[in-house]
Amino acid sequence: MAIFKRGKTWWVDFASPNGQRIRRSTRTQDKKQAREYHDKLKAKLWRIEKLGERPDRSWQEAAVRWVSQSSHKADCHKDISKIRYLDQFLGDKMLAEIDRDLLTVIAESKKNESSPSTANRYLALVRAILIASRDKWEWLDRVPSVPMFKEPKKRVRWLTKIQAQNLVDELPPHLADLAVFTLATGLRQTNASMLRWDQVDMNRSFAWIHPDQSKSGRAISVPLNEDAMSVLKRRFGKNPEYVFTYLDKPVARTSTKAWYAALERAGIEDFRWHDLRHTWASWHVQSGTSLQELMELGGWASFEMVLRYAHLASSHLSAAAQRIEGVNLIKQE
């Protein structure tokens, strides 16, 4: 059969010139439009087979290839979650059908659900996949302009040591240990919560994050201070494989009801688990750690990433400010 109806929608079903069976939705309830879609698709496939034209590729093909090529990245699961959300808009689209108007619909929808900054993260992923489709895979001739929202520059959110202690006191033991360890090492949530004992050298007070676990794709050396070591000593023997566990399983999620309840009891607002890393970095620069040292300790890929903490490290400018003191520019009475 050339076209058939499934529910209210017409579908095409035929063999391409190379013998491949083609069965797909025409996305229309109009039989005349469905027949036109069938004829155009069949002609397109003939030109691809006989004349060597480049085949059309779908968003789903591009998304699958993107995930398969980025599966080594530590935050690949975040891309997968975003792609699942985007499927409602792009799941039945060919790459060439994705234009600025469609991207604007996605942008407004996500912004209304969450925030402009969150919407930008989704749009950035779409743009990255489209650019890869054009530049790496040669599936696309051009990439449409992707609308992005302006994001206000937010100040770094961090806790004082008193606030941090109040928070730790309110957390359940498994989250309290993980929080103290994060404040002592600055590790990202996944790297800390999924830390294995074979990544820890207790004798040398040292741990490491493998390149395939790191956001930057580079190995991270993690020196362990006394606070970090005290946590490890408490956790030792609780699980033979993972350092941080709850009910004998890795602590996969930290932003739980227990976390938010602890924040409320501690009187702390507008604070995410990732802000523990910001707190660690802020404490470092306020204690004299240079931005270069901080970049190495935190495993950041570029110096620009640590400049957000530069305003907290003003002590090194005190000597410069004192060079012009004593000018005595006092208004004469």
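Keep in mind it's a predicted model, so treat the numbers as computed, not measured.
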Legend entry - In one Ile/Leu/Val/Met/Phe/Trp/Tyr side-chain cluster, 4.5 Å: Ile80, Phe89: yes
Legend entry - Distance (rounded to the nearest 0.5 Å) between Gln213 CD and Trp208 CH2: 11.0 Å
Inset, instruction - Could you tell me whether the side chain of Gln292 reaches within less than 4.5 Å of the side chain of Phe303, counting heavy atoms only? - result: yes
Legend entry - Euclidean distance, Gln199 CD relative to Tyr242 OH, rounded to 0.5 Å: 9.5 Å
Legend entry - Closest non-hydrogen atom pair between Arg142 and Arg134, with its separation: CA-CD, 4.2 Å
Inset, instruction - Considering only NZ, NE, NH1 and NH2 on the basic side and carboxylate oxygens on the acidic side, decide whether Arg196 and Asp198 come within less than 4.0 Å. - result: yes
Legend entry - 4.5 Å side-chain heavy-atom contact, Tyr37 and Ile3: no
Inset, instruction - Starting at OG of Ser81, measure out to CG of Leu86 and round the result to the nearest 0.5 Å. - result: 9.5 Å
Legend entry - Donor on one side chain, acceptor on other, Gln165 and Asp169, under 3.5 Å: yes
Legend entry - Donor on one side chain, acceptor on other, Thr26 and Thr28, under 3.5 Å: no
Legend entry - Whether Arg27 side chain and Asp92 backbone form a donor-acceptor pair below 3.5 Å: yes
Inset, instruction - State plainly whether the residues Glu97 and Lys93 are in salt-bridge range, i.e. N to O under 4.0 Å. - result: no
Inset, instruction - Please answer whether the main-chain N or O of Thr245 pairs with a side-chain N or O of Arg235 as donor and acceptor at a distance below 3.5 Å. - result: yes
Legend entry - Lys/Arg N to Asp/Glu carboxylate O, Asp13 vs Arg21, below 4.0 Å: yes
Legend entry - Salt-bridge contact Asp87-Arg84 (side-chain N to carboxylate O under 4.0 Å): no
Inset, instruction - Anything under 30° is parallel, anything over 60° is perpendicular, the rest tilted; go ahead and classify Trp137 against Trp66. - result: perpendicular
Inset, instruction - Examine Leu41 and Met94 and state if one hydrophobic cluster contains both, with Ile, Leu, Val, Met, Phe, Trp and Tyr joined whenever side-chain heavy atoms are less than 4.5 Å apart. - result: no
Inset, instruction - State whether the side chain of Ser214 and the backbone N or O of Pro211 hold a donor-acceptor pair below 3.5 Å, judged by distance alone. - result: no
Legend entry - Aromatic plane relationship, Phe236 with Trp197 - under 30° parallel, 30 to 60° tilted, over 60° perpendicular: perpendicular
Legend entry - Short N-O contact, Glu36 and Lys40, less than 4.0 angstrom: yes
Legend entry - Closest approach of Val143 to Leu130 (non-hydrogen atoms, all atoms of both residues): CG2-O, 3.5 Å
